[in-house]
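These numbers come from a predicted model, not from an experiment. Keep in mind that the numbers below use all heavy atoms, side chains included, and drop hydrogens, waters and symmetry copies. Positions are given from 1 along the sequence.
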Amino acid sequence: MYRRTFLQSAAAVSGLLPLAARPSFAGLYQAAAAATGDLEAVRGDGRPVTLPASSIKDLAASLRGPVLLASSAGYDAARRVLNPSIDKRPALIVQPTGTADVRRAVSFASAHGLLVAVKCGGHSFSGMSTCDKGLQIDLSNMRGVRVDPKAKRAYVEGGTLLGLVDHEAAAHGMMTPLGTVSHTGVGGLTTGGGFGRLARKYGLAVDNVVGVDVVTADGSVRHGDATENPDLYWGVRGGGGNFGVVTNFEFQLHPFSGIVTGGEVVFPIARARDLLRFYAEWSQKAPDDLYVDFVMSQPSGGKDGVSLLHICYCGDDADRDLATLRTLGTPIANTIKAQPYVAFQKSGDYTDARTMGEYMKSGFTTGISEKLIAGVIDGFEGHPARSTGVFTQHAGGAIGRHPVGTCAFPHRHAQHALMAAVSWKVGDDAAPHMAWTRKYWSTIEPLTSGFYINEVNDESRAVLNANYRENFPRMVAVKKQYDPANLFRLNANVQPA
């Protein structure tokens, strides 16, 4: 989502990091096979468990992909997620090369009752795609897309990043709606719902999934669609990682010109109240072709803050549908222009310099009232030691026209997602910045209705359950059927009945 673009740009974090060289599978296998001692790990319920060296060797021997231990080359890169304030150390990491490896890893975890984390793109804001002393399944070796233009389908491996889907689909004059940052993992994005710049026109990512292959907790691989394992198909689309590891997605594709009109109009932060009031009205009346976000940010170091509107228009008359922007006056900057959709999808990418910790709270709105505007603006406080921001993601349109119950995603009422986020230099004391965010959000949260499970952070069990709304009873039943021991719990977790 747009949150990370804001946090990184506001903190002026830049510069490309070289990709770590990937060691050979043979070398990694040898490192695991050479383990001479047993390995201390934890079960899903937190109890300690000892993994015999022989069982780790057997696991490594059964896989095409590598098993990484703490001493293995590549271990540190694999365990990391994109929020650098998360610094967890799995007991071991499996990097599958295909579904067979995923099945073996899941079976191993189930046999030992291990805590399991599944990593696709590593965008889990709360760090749930890694873990301490458990088993991490890192899907980074499972990235690929096959497009069938006649059937208007894209077949996507579970570890794929959404930019690859955009690229391959666009080559055939097609697209499917996926996210706003090209290095986001398709698996995590989609199973949580999948908001993006074209979702108001074509629906969420989950609304465009027509089939899935899932490795469930017993190590079985099951196909799910409207007729085969329909409950699993229903649950995966909006239930997060609760039901297993999705190794393949089948997406509906839509004919698309490949060109959008997009960019930002930027104003001083002093205009934020007027801009949010304008946004509240304009976004509610917008055609499905128009996606627009509001952003207010105050960088660290005493730099000037800004407020802006982020635009993506996929219709055929930008002059007409964007004309009202002219009533806002002269902006500091205006980057709105016609450009390739694939390129615009990369405009929110950022390089991970691992220098800024991050924390966020979020919720859905059914509209933006004067009371909400006052709460957002009046309670906002910058700080010289952090980047501070509040921003929206536009919903509504086609998203809301799917009936609740079509899939596990329950928030069809949402008109916007509203987020408050802070970032700070790693090594600084995070506590005051997190405390400010919680206090600020406490005045806004009563004006929201539910939250996006991909933004789950430190919510209570009761809040998590209530967030699935009327879909919760069915979620519990599906969880009991496919994961009765709650092997997959590092998510917006539903406990089996």
Side-chain angles (χ1 to χ4, degrees), residues 1-11 180 195 197 200 260-287 289-299 302-313 318-337 344 347-348 360-383 387-397 414-422 437 440-441 443-444 447-448:
M1 295 178 71
Y2 193 71
R3 63 174 189 262
R4 294 190 183 275
T5 308
F6 152 69
L7 288 171
Q8 296 292 347
S9 61
T180 57
F195 288 85
R197 292 185 175 96
R200 287 175 42 79
V260 297
T261 299
E264 296 170 348
V265 285
V266 185
F267 296 88
I269 198 168
R271 290 286 311 275
R273 190 185 305 271
D274 291 342
L275 198 64
L276 183 53
R277 187 174 287 122
F278 170 88
Y279 174 80
E281 180 178 355
W282 191 46
S283 64
Q284 289 285 90
K285 298 177 179 179
D289 293 332
L290 177 60
Y291 168 93
V292 54
D293 292 340
F294 166 84
V295 180
M296 175 173 62
S297 68
Q298 180 68 57
K303 299 175 184 177
D304 292 339
V306 297
S307 55
L308 62 87
L309 298 179
H310 175 87
I311 306 291
C312 181
Y313 177 76
D319 288 342
R320 178 195 65 203
D321 290 334
L322 301 182
T324 189
L325 289 173
R326 301 189 192 103
T327 66
L328 292 171
T330 303
I332 297 172
N334 184 343
T335 64
I336 297 174
K337 63 181 180 180
F344 195 41
S347 67
M360 186 179 72
K361 302 296 287 185
S362 72
F364 291 120
T365 78
T366 55
I368 299 177
S369 66
E370 281 294 324
K371 187 175 182 180
L372 181 56
I373 292 170
V376 167
I377 303 299
D378 295 341
F380 186 86
E381 296 176 4
H383 190 284
S387 294
T388 312
V390 60
F391 43 102
T392 68
Q393 186 159 46
H394 203 180
Q415 295 298 309
H416 311 88
L418 178 66
M419 290 154 273
V422 293
T437 308
Y440 176 57
W441 188 252
T443 67
I444 297 171
L447 304 174
T448 65

Do [X] and [Y] make a side-chain contact, defined as non-hydrogen atoms from C-beta onward lying under 4.5 Å apart?
| X | Y | answer |
| --- | --- | --- |
| Ser297 | Val306 | yes |
| Leu418 | Thr392 | yes |
| Asp321 | Leu290 | no |
| Met296 | Ile269 | yes |
| His383 | Val422 | no |
| Ile368 | Gln415 | no |
| Ile336 | Leu325 | yes |
| Arg273 | Ile373 | yes |

Check [X] against [Y] and note the closest heavy-atom contact, atom names and distance.
| X | Y | result |
| --- | --- | --- |
| Leu447 | Leu372 | CD1-CA, 3.6 Å |
| Ala318 | Thr261 | CB-OG1, 3.8 Å |
| Ala414 | Ala395 | O-CB, 3.5 Å |
| Asp319 | Arg326 | O-NH2, 4.1 Å |
| Pro331 | Gly329 | CD-O, 3.3 Å |
| Ala272 | Phe294 | O-CE1, 3.8 Å |

Main chain of [Y], side chain of [X]: is a donor-acceptor contact present, judged purely on distance under 3.5 Å?
| X | Y | result |
| --- | --- | --- |
| Ser307 | Pro268 | yes |
| Arg271 | Leu308 | no |
| Thr335 | Glu264 | yes |

What's the separation between atom [atom1] in [X] and atom [atom2] in [Y], rounded to the nearest 0.5 Å?
| X | Y | atom1 | atom2 | result |
| --- | --- | --- | --- | --- |
| Leu275 | Leu328 | CG | CG | 6.0 Å |
| Trp282 | Thr327 | CH2 | OG1 | 9.0 Å |
| Ser283 | Arg200 | OG | CZ | 7.5 Å |
| His394 | Leu309 | NE2 | CG | 11.0 Å |
| Asp293 | Arg197 | CG | CZ | 8.0 Å |

Check whether the ring centres of His310 and Phe344 lie less than 6.0 Å apart, and answer yes or no.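 Yes.
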If you take the centroid of each ring, where Trp contributes its six-membered ring, are Phe267 and Phe278 closer together than 6.0 Å?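 They do not qualify: ring centres at least 6.0 Å apart.
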Decide yes or no on side chain to side chain contact (heavy atoms under 4.5 Å, CB included) for Val390 and Tyr440, but give the supporting numbers first. CA-CA 10 Å; Val390 60; Tyr440 176 57; 3.9 Å; yes
How about Gln284: does its CD atom have over 12 heavy atoms from other parts shown lying under 6.0 Å from it?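 Yes, the 6.0 Å shell around CD holds more than 12 heavy atoms from other groups.
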Side chain to side chain donor-acceptor pair (under 3.5 Å) partners of residues 366-376, not counting sequence neighbours, each pair once: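 As it turns out, the side chain to side chain donor-acceptor pair (under 3.5 Å) pairs with a partner in residues 366-376, which skip direct neighbours, are Arg277-Glu370.
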Asp304: which residues meet the side-chain hydrogen bond (donor to acceptor under 3.5 Å, both in side chains) condition with it, sequence neighbours left out?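 Partners of Asp304 by the side-chain hydrogen bond (donor to acceptor under 3.5 Å, both in side chains) criterion come out as none, since no residue qualifies.
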Quick one: which of Tyr291, Phe364, Tyr279 gives a ring pair (Phe, Tyr, Trp, His ring centres under 6.0 Å) with His416?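 Only one option passes, and that is Tyr279.
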